[in-house]
Amino acid sequence: MDDSVVVAGETLRSRLILGTGKYRTMEEMVAALDAADVELVTVALRRLDLDDPSKKTILDYIDTSRFRLLPNTAGCQTAEEALRVARLARSMGLSNWVKLEVIPDSKYLLPDPIGTLDAARDMVADGFVVLPYINDDPVLAKKLEDVGCATVMPLASPIGSGQGLVNFEQIKIIIEQARIPVVVDAGLGAPSDASLAMEIGADMCLVNTGVAQATNPALMGAAFAEGVRAGRKAFLAGRIPKREYATASSPMEGALR
Amino acid sequence: MDDSVVVAGETLRSRLILGTGKYRTMEEMVAALDAADVELVTVALRRLDLDDPSKKTILDYIDTSRFRLLPNTAGCQTAEEALRVARLARSMGLSNWVKLEVIPDSKYLLPDPIGTLDAARDMVADGFVVLPYINDDPVLAKKLEDVGCATVMPLASPIGSGQGLVNFEQIKIIIEQARIPVVVDAGLGAPSDASLAMEIGADMCLVNTGVAQATNPALMGAAFAEGVRAGRKAFLAGRIPKREYATASSPMEGALR
Amino acid sequence: MDDSVVVAGETLRSRLILGTGKYRTMEEMVAALDAADVELVTVALRRLDLDDPSKKTILDYIDTSRFRLLPNTAGCQTAEEALRVARLARSMGLSNWVKLEVIPDSKYLLPDPIGTLDAARDMVADGFVVLPYINDDPVLAKKLEDVGCATVMPLASPIGSGQGLVNFEQIKIIIEQARIPVVVDAGLGAPSDASLAMEIGADMCLVNTGVAQATNPALMGAAFAEGVRAGRKAFLAGRIPKREYATASSPMEGALR
Amino acid sequence: MDDSVVVAGETLRSRLILGTGKYRTMEEMVAALDAADVELVTVALRRLDLDDPSKKTILDYIDTSRFRLLPNTAGCQTAEEALRVARLARSMGLSNWVKLEVIPDSKYLLPDPIGTLDAARDMVADGFVVLPYINDDPVLAKKLEDVGCATVMPLASPIGSGQGLVNFEQIKIIIEQARIPVVVDAGLGAPSDASLAMEIGADMCLVNTGVAQATNPALMGAAFAEGVRAGRKAFLAGRIPKREYATASSPMEGALR
Amino acid sequence: MMQLTINGKPRELAPECCLLDFLEKQQVNPQLIAIEYNGDIVKREHFGEIVLHEGDRLEIVHMVGGGTQ
Amino acid sequence: MMQLTINGKPRELAPECCLLDFLEKQQVNPQLIAIEYNGDIVKREHFGEIVLHEGDRLEIVHMVGGGTQ
Amino acid sequence: MMQLTINGKPRELAPECCLLDFLEKQQVNPQLIAIEYNGDIVKREHFGEIVLHEGDRLEIVHMVGGGTQ
Amino acid sequence: MMQLTINGKPRELAPECCLLDFLEKQQVNPQLIAIEYNGDIVKREHFGEIVLHEGDRLEIVHMVGGGTQ
């Protein structure tokens, strides 16, 4: 079954995006990307360590002919910082896509709605394809769509928490309203979480910690890929409504008594 | 990845069992069994309608060289009735396996712990391979294992309700204690439910209404099969623990500020 | 508002039952019983420590003219043991009521449905007023009512876990079917849990660890008493249905625009 | 137990705020306010109906010597509209407090984070005591505190939905961070919901539909008041932690076997 | 004619009717059914030995789609 | 007669009508309302100073039951 | 001296010891306990009739704080 | 020697050092980095035109593994 998704005019075959942070080794990361068979992977921008010039970088490990890079603005606390990081990333010539993150505090790691909207407006004006990371706020999601973002990426639950799709109802509203793809990001701990996100109509999922910190990241990458496909199929197949009471699945007529 | 399960000495390649009731047409049922690629399918025993002798039966549709039949005792309210139905089913020469159900009321359709244990004891003594359907009761599950049942099949939520794995903690205890396969049955509405059951260590899932009453049963059958595989892989891959708070998945060191 | 409950012909003014175990001191226990202003309190039966004869017993602390004792059979693994303990307790002349517990394992502490039903039948025949502790099993609850139990006491979640009303739907079924009072027992961690149990129609709640192990047991006892009353009032007042979508509570007509 | 709360320098004895919309009759509203014994009640501002001049207004029913009015800006879609409505309300001389709502869409009724922050800044500068209604966004809550709001009022779930405290974790973060009172608003359907909000440390709750549309609003008003008090006491009393496994509340030592 | 109870309903058959003849007349494939004759299960290989008599109770069942209850 | 817009609807009044007279004629209690006159809020103590003219826009609001939105 | 089992432990008592004397010596208030003597429950009003013998099994229980299990 | 700030730390370089020479000396592959020179981003094709001076601020960044924040 071909069931690709189009983001900013680009057709993506896989509806799973993987992050590349927090793996125990680069080898485990490569194995996970391969097993999950994703196309889009997020990366961060950091200062080069000039005291260790021979250190391999992530680009030594990721085959950019196979995987498309999505640089994020992780670490930025204001719209200005995010714009600066995005431009630096773009200047490397690998992509004009950016996963926009404006996160003012380092404890809860929740995105700033005001700073994110400001940055998105400026980035779109500057020619970026913007995929903003947001709280589960349908009004903000709509505003980001209106200023020209390519997707919205609401969080399922706190980053790295593995709690799954906690605020389910608000994500459903975001999906209902959106005319751009909705990517559920952050907090997906197991394939059941990703499958659930897809079942309610999300277009894609982004997972990092759930794969990177699993005991076996490659196997977990494959599991998430399968979970996303299962959830997508279920969305298309039309699930049964939830009912309060039981109804038998064997016929009662003709039963021996 | 080969990851089969052994029930009563028989190796099963698929960890999904499908029911065959409640499909809108026999053709939809056949398409769903095929798409889900299961091995074990449940059937019920009913009086033949002598006024319509030319009516096709389910055995005209199901290729028994491909699918193994698991007759249930649906409709039985007592241990005696269940034993009678099981023996009739066995006399057809297709299987000595039986999905044991003793369900005294027709509203909530919940199994009788006392009648089920009595029937299981008698059936095991009579040479049956017994797979009993039970409430989420770990003490009862242990007793059924002790009298020689081949599996236990706790319900996830009321039959046909699609509510998913409601009493998660008790199912986990059943799994922890069991030395026989645990099959999560009843109430699974979407692949995320089945995936979750497998993630916590269930050995198999049984689904009927969730597939049969989906808008597109064949696609939903494939979705459930994928969800079961995803959940099983995730169980083997070792998921991350749930945490209360966020932890970043991009490194903070070297961030531009 | 007078809203008493009748158990086995006795009118109880308070719908909260407190356990007397796990308090840090007897003084904290007495303060909690007083603050919660309950009428019925559970106690256990244990061998007297003959090496410490001057040790005060719980009867030195509890004013039995104010509080009615409900001896339990905690520690019994079989119906026979439970009957023996119940008879010993009754021989003290304080009560012929018994909180029946038959719990075969010491890890999960879940009740045995078969042993509990057997014991209940024998106890009723022997003249006891029987209040059995059970898993969330509506079929078993009905059988216990049918053999003459005075109440059923389904667990909300594992004893001492404070998880609250986990298997809500099955408790609702027990309540719907019961013609005897339903007492929700075990796992209630906070007044919101007790209130919820009462809101869905439970007749009473039993709490022990949630009060005894709170930082301030007396204040928590008062809190639970208030929560039980709040939930009972809400049940009588008829709560609004849950809706999927928002509806305004201010009128839209005449709004300034 | 005296346990009042201070909002903008004013001491409030009751931690429950009631809305005055959606009652079936004014008499039911008055009875509910009386039974709940609240001090603060929200009202809306609407155009007078000049075709029905003799119609009583809400001020004919509410004793403003007993109840303090909190006008809201319901119906406003922008910061400008909210400021206009707030000033009109203030010109009546009853209060300079305002429950700020900027809600751009009429289906989901969710507040606009950008417009709310803009309006709050302007209102504080103009001398209002501002109580803004917000989504469960801790970053926005902090910004509103920083611009001088008197409280923040995060929604528990969609207005009028009665779903209770759906996004519990984010509300907890808002509470942890706040140095101003946190009032949980919208979606509280029963006292258990209000109790839970208070148990996690909310300072107050606001309820409208849950009381107004109950079968018996006066009794439900009393129930919510009791639930709020129960939850507050439990917060102060220090609840037990939730545990995954059971622990007995009767001692095992000395058990008869 | 003799009176029997088949699948819970009264039914008239010609006397001394053999079970296999009855099934054939009804166009019922013996491979797809199970039979209880006067309360006892009859294995398929013994269907041919059964001759129906006045007052007999016969249950003829087959498999249908089913999941749980 | 002069044309005004009151609460968003066109309305005819006799010329040179004073605001307080209008309210009194309408049986509206000035203690229970707030007024915006041509976009400006008028404090209650200044109601008496307003004389209505052709083309004026008047908003007269009062409090009603309300919770959220 | 005679050997008994009291509350599961071996214990030596002087022969022909009466139950009530034993309790008194142990400072045990008979109002607060229940007794099982050689497997039979003894009502409080019959405590005085029990004379302990070699090999007797005695269970003396009392109430303690308890909730569930 | 001249003083610069590279990646936020003070650093001494020989005067009139060309950016590409510096990178080469540091064994840094210009294909894998991005550069901000005195607050302005420099495209890779212009790396060769930059000559470093006393007081310059240089940021040299590269891609690392990252998911969210």
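What you see is a predicted model; the values in this text were computed from it and never measured. Within every chain, numbering begins at 1; the chains are lettered A, B, ... in the order of the sequence lines, protein sequences first and strands thereafter.
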Is it the side chain or the backbone of [X] that comes within 4.5 Å of chain C heavy atoms, both, or neither?
{"X": "D:Ala44", "value": "side chain"}
{"X": "D:Glu199", "value": "side chain"}
{"X": "D:Leu88", "value": "side chain"}
{"X": "D:Pro241", "value": "backbone"}

Looking at [options], which has the largest count of heavy-atom pairs under 4.5 Å with chain C?
{"options": "D:Gly231, D:Ala225, D:Ala186, D:Ala223", "value": "D:Ala223"}
{"options": "D:Ala212, D:Gly164, D:Gly238, D:Ala218", "value": "D:Gly238"}
{"options": "D:Gly210, D:Gly19, D:Ala190, D:Ser157", "value": "D:Ala190"}
{"options": "D:Ser195, D:Gly21, D:Gly187", "value": "D:Ser195"}
{"options": "D:Leu110, D:Thr42, D:Thr209", "value": "D:Thr209"}

*Side chains of D:Glu101 and D:Thr73: do they bring a donor and an acceptor to under 3.5 Å?*
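Checked: D:Glu101/D:Thr73 side chains show no N/O donor-acceptor pair below 3.5 Å.
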
*What closest approach, in Å, do D:Thr116 and D:Pro132 show between heavy atoms, and which atom pair accounts for it?*
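Minimum heavy-atom separation between D:Thr116 and D:Pro132: CG2-CB, 3.9 Å.
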
*Work out which heavy atom in D:Ala194 is nearest to a heavy atom in D:Phe224; give both atom names and the distance.*
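D:Ala194 and D:Phe224 have their closest heavy atoms at CB-CD2, 3.9 Å.
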
*If you count heavy-atom pairs under 4.5 Å with chain D, which of C:Ser106, C:Ala234, C:Gly227 comes out on top?*
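Top option by heavy-atom pairs under 4.5 Å: C:Ala234.
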
_Looking at chain D, which one of C:Gln163, C:Lys107, C:Gln213 has the largest number of heavy-atom pairs inside 4.5 Å, strictly under?_
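Looking at each option in turn, the highest pair count goes to C:Gln163.
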
*asked:* Checking side chain to side chain contact (heavy atoms under 4.5 Å, CB included) between C:Ile17 and each of C:Val207, C:Asn208, C:Val38, C:Leu206, which is the one that passes?
replied: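 Exactly one option meets the side chain to side chain contact (heavy atoms under 4.5 Å, CB included) with C:Ile17, and it is C:Leu206.
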
_Taking D:Arg15 first and then D:Asp3, would you say they form a salt bridge - that is, a charged N and a carboxylate O separated by under 4.0 Å?_
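Salt bridge present between D:Arg15 and D:Asp3.
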
*Are any of the side-chain nitrogens in D:Lys99 or D:Asp185 under 4.0 Å away from the carboxylate oxygens of its partner?*
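Between D:Asp185 and D:Lys99 there is a salt bridge, with a charged N closer than 4.0 Å to a carboxylate O.
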
_Stepwise side-chain contact (heavy atoms from CB on, under 4.5 Å) check, C:Leu236 with D:Asn216_ = CA-CA 8 Å; C:Leu236 296 173; D:Asn216 181 340; over 6 Å; no

*Would you sort out whether D:Met220 and C:Lys233 count as a side-chain contact (heavy atoms from CB on, under 4.5 Å), showing the intermediate values?*
CA-CA 7 Å; D:Met220 191 58 93; C:Lys233 280 197 183 77; over 6 Å; no

